[in-house]
**Student:** 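Please read through the structure below; I'll follow up with questions.
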Amino acid sequence: MPICGIKEDMLIPLICLRTDFEPEKTIRSISVFDITTAVTELTGVDANVEWEGKSLLC
């Protein structure tokens, strides 16, 4: 555990509202890199090929 006493891994809820999303879908293992990739996909922006994340929309 770091000196500040905060765990490295945290649970952060992400709530998305769209008509084409599966209702109450829960994805258990994601990273902040995945969120960035999903947001770029939702906005129609091409993700950088060097990014590590995978889209949450597939």
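One-based numbering along the sequence shown.
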**Student:** Which residues satisfy the side chain to side chain contact (heavy atoms under 4.5 Å, CB included) test with Thr40, sequence neighbours excluded?
**Tutor:** Val45, Ala47, Trp51

**Student:** With sequence neighbours left out, write down each residue that passes side chain to side chain contact (heavy atoms under 4.5 Å, CB included) with Ile35, or none if nothing qualifies.
**Tutor:** Leu14, Ile30, Val39, Leu56

**Student:** I'd like to know if the side chain of Asp34 reaches the main chain of Gly53, judged simply by a donor and an acceptor atom lying under 3.5 Å from each other, with no hydrogens or angles considered.
**Tutor:** no

